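First comes the structure, then the notes that go with it.
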Amino acid sequence: MNKVIVGVIGAGRIGRLHVDNLQKLPSLEVKAVSEAYVNEELKLWAESQDIGLLTTDTEVILQDPEIMAVFICTPTDTHAELIIRAARAGKHIFCEKPVSLSLEKTMEALRVVEEEGVLLQVGFNRRMDPNFRRLKQLVEEGELGAPHVVKITSRDPQPPSEAYIRSSGGMFMDMTIHDFDMARYLAGSEVVEVYARGANLIDPVFSRNGDIDTAVVTLSFQNGVIAVIDNSRQAVYGYDQRVEVFGSLGSACADNCRATTVELSTAAGITRDKPHHFFLERYSQAYIDEVASFSATIQLGGTVICGGNDGMQAERIAKAAKESLETGLPVKLPLQTEVEAC
C-alpha cells in the first residue's frame, strides 16, 4: 500500500507533536512543513526530523501534487481559510480544533469540503483515548443499559500564558470544547439545552481578558441524557481527566492515568502517584492513534472518527455556553442535521 504523503502547516507545539507522531507511522511520510517565521532553532528541528522542505510559503504545500493530505496546526483564526484553500487544492485535511471561532466561517469551510469531496478530520483526540473508547464501547454494547448521566471532570494543572488567553476564544471554545465533543460522543445524541455557570477564582488575568477560569456546564440531550462538566484552569495535583457514564443497568468510570498503578498503604496513610502532569503525557497514545486512523481512512475509505459536523456541533455548544454564562439563563439549541447546518 502506498504511503500517504503529508504536508504540515504550522510548526508550533502541536504541529511539532504531529510531525513526531507522523514519523512513527510507516503508512505516512512528511514531505514538507510550513511556518510563518523560520529561525535557526526551527531549522535544526526540521533537520533532526529529516524534513525535506521547510518553507514560509503555505502555497508550496497546497500546490504540490505529490502531497495528498495536510495537517493544519496554525492559530485558530487561520483554520477555516486554510481548510477552504486545502480542499480546493484537492487535499485531505486534518485540522486542529476548533475549526473556527465563527459558526458562519465553519459552515463555509464545511461546504467547500463537501463540494470538493475531500476528507476532513477534526482533532478531538480524546475520542481515541483507550479509556474513553472503552466507555463508548460499553455504551454501544448496552452494558450500561440506557445512559442517564455523563459526568466529565477536566482540570488543567496550571493556567496558560496571558498571550494565549487573549487569543484562545475563551474557556468554552478553547478548553471545554473537548468535553462538549466527549459528551456528544458518549451520549450518542445532540444537545438541545445548555446551562453554564462560571467564575474567576484562580487568577485575575482571566477576568482582565474577559474570560473565566472555573466553570460548570449542564447539557441536556435529545435522547434524555444529562451531562455535567466541571472545568478548572488549575488543579494543583496534576492534569485531572475523569469521565463517568451512569445508566439504567450500571455505571462505568474512566479514572486519571498515572505514572504507575502502585498504591502504598501504611499506618501514616494511603498514597499513590499523582495524575500525569499535562495533556502531552495523558493523551500521547490518543494523538498517535488519531493520526493512524486518519491515514487508514485515506487509504482504505470509510468515515473519519471525528468529522467537520462534529467540530461544528461542539462549536455550537460552546457558543451557547458563553451566551448562558452572560445571561444567567439556559440556552435552547435548535436541532440541526448535518445537511441543514451546512
Side-chain angles (χ1 to χ4, degrees), residues 76-77 79-80 96-107 122-124 126-127 132 149-156 159-160 164-203 205-235 240-244 279 306 308-336 341:
T76 297
D77 60 2
H79 288 180
E96 276 301 322
K97 62 81 194 169
V99 173
S100 79
L101 300 179
S102 160
L103 281 173
E104 291 74 18
K105 288 293 293 182
T106 296
M107 291 179 191
V122 180
F124 284 115
R126 295 181 191 180
R127 289 189 179 216
F132 301 155
V149 177
V150 175
K151 295 177 68 175
I152 300 175
T153 292
S154 180
R155 303 168 186 162
D156 285 348
Y164 182 89
I165 295 167
R166 197 178 299 122
S167 62
S168 69
M171 174 181 265
F172 296 136
M173 191 64 78
D174 171 57
M175 179 181 179
T176 322
I177 196 166
H178 278 289
D179 307 311
F180 295 148
D181 180 69
M182 183 53 55
R184 284 185 67 245
Y185 178 63
L186 293 172
S189 183
E190 296 297 351
V191 172
V192 294
E193 184 179 272
V194 181
Y195 181 54
R197 299 291 289 172
N200 293 107
L201 303 175
I202 295 167
D203 193 321
V205 67
F206 290 96
S207 55
R208 262 201 322 266
N209 289 277
D211 200 2
I212 56 173
D213 52 40
T214 306
V216 175
V217 183
T218 303
L219 307 177
S220 298
F221 287 85
Q222 186 182 24
N223 64 358
V225 172
I226 299 171
V228 180
I229 299 165
D230 80 82
N231 293 133
S232 174
R233 285 291 196 179
Q234 182 173 275
D240 194 353
Q241 299 284 293
R242 290 170 284 143
V243 178
E244 178 191 14
F279 72 95
C306 188
N309 182 60
D310 296 309
M312 182 179 64
Q313 297 300 339
E315 289 173 35
R316 291 179 69 224
I317 301 167
K319 294 280 188 183
K322 184 177 181 181
E323 181 183 342
S324 177
L325 178 69
E326 292 171 347
T327 63
L329 299 171
V331 174
K332 300 284 187 183
L333 275 180
L335 287 175
Q336 290 182 310

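Just so you know, residue 1 is the first one in the sequence shown, and it goes up from there. Note that the structure is a prediction, hence the values are computed from the model and not measured.
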Looking just at side-chain N and O atoms, do Tyr185 and Asp310 make a donor-acceptor pair shorter than 3.5 Å? no
Evaluate the side-chain contact (heavy atoms from CB on, under 4.5 Å) criterion for residues Leu103 and Met312: first the C-alpha distance (whole Å), next the side-chain angles of each, then the deciding distance (0.1 Å), finally the verdict. CA-CA 7 Å; Leu103 281 173; Met312 182 179 64; 4.1 Å; yes
Counting only heavy atoms not in Lys97, do more than 12 sit closer than 6.0 Å to its NZ atom? yes
Would Val150 and Phe221 count as a side-chain contact (heavy atoms from CB on, under 4.5 Å) if you check the C-alpha gap in whole Å, the side-chain angles of each, and the deciding distance to 0.1 Å? CA-CA 11 Å; Val150 175; Phe221 287 85; over 6 Å; no
Val228 side chain near Ile152 side chain, heavy-atom distance below 4.5 Å: no
List the steps and the verdict of side-chain contact (heavy atoms from CB on, under 4.5 Å) for Ser189 and Arg184. CA-CA 6 Å; Ser189 183; Arg184 284 185 67 245; over 6 Å; no
Smallest separation among heavy atoms of Ser100 and Ser102, with atom names: OG-O, 2.6 Å
Compute whether any side-chain donor of one residue and acceptor of the other, for Ser232 and Gln234, lie under 3.5 angstrom apart. no
Sort out for me which residue in Asp156, Thr214, Asp179, Asp240 forms a side-chain hydrogen bond (donor to acceptor under 3.5 Å, both in side chains) with Asn231. Asp179
Does Arg197, at its CZ atom, have more than 12 non-hydrogen atoms belonging to other residues, nucleotides or ligands within less than 6.0 Å? no
Are Arg233 and Pro160 packed together at the side-chain level, in the sense that at least one heavy-atom pair is separated by less than 4.5 angstrom? yes
What pairs with Phe206 under ring-ring contact (aromatic ring centres under 6.0 Å, His included), at least two apart in sequence or on another chain? none
Count the heavy atoms belonging to other residues, nucleotides or ligands that lie under 6.0 Å from NZ of Lys105, then report whether that count exceeds 12. yes
Whether His178 and Phe124 hold their rings parallel, tilted or perpendicular, with breakpoints at 30° and 60°: perpendicular
Distance col, row Ser207:OG vs Ile165:CD1, nearest 0.5 angstrom, shows 9.5 Å
Tell me whether Glu315 contacts the main-chain N or O of Val99 through its side chain, where contact means a donor paired with an acceptor under 3.5 Å. yes
Looking at Val205, is its backbone amide N or carbonyl O close enough to the side chain of Asp203 to form a donor-acceptor pair, meaning the two atoms are under 3.5 Å apart? yes
Just by distance, do the side chain of Lys319 and the backbone of Leu101 share a donor-acceptor pair under 3.5 Å? yes
For the side chain of Asp230 and the backbone of Ser154, is there at least one donor-acceptor N/O pair under 3.5 Å apart? no
Side chain proximity check, Ile226 to Thr218, heavy atoms < 4.5 angstrom: yes
In terms of side-chain geometry, is the basic nitrogen of Arg126 or Asp181 positioned less than 4.0 Å from the acidic oxygen of its partner? no
Val216 versus Tyr195: any side-chain heavy-atom pair under 4.5 Å? no
If I compare all heavy atoms of Val194 with all of Val191, which pair ends up nearest, and what's the gap? CG2-CG1, 3.7 Å
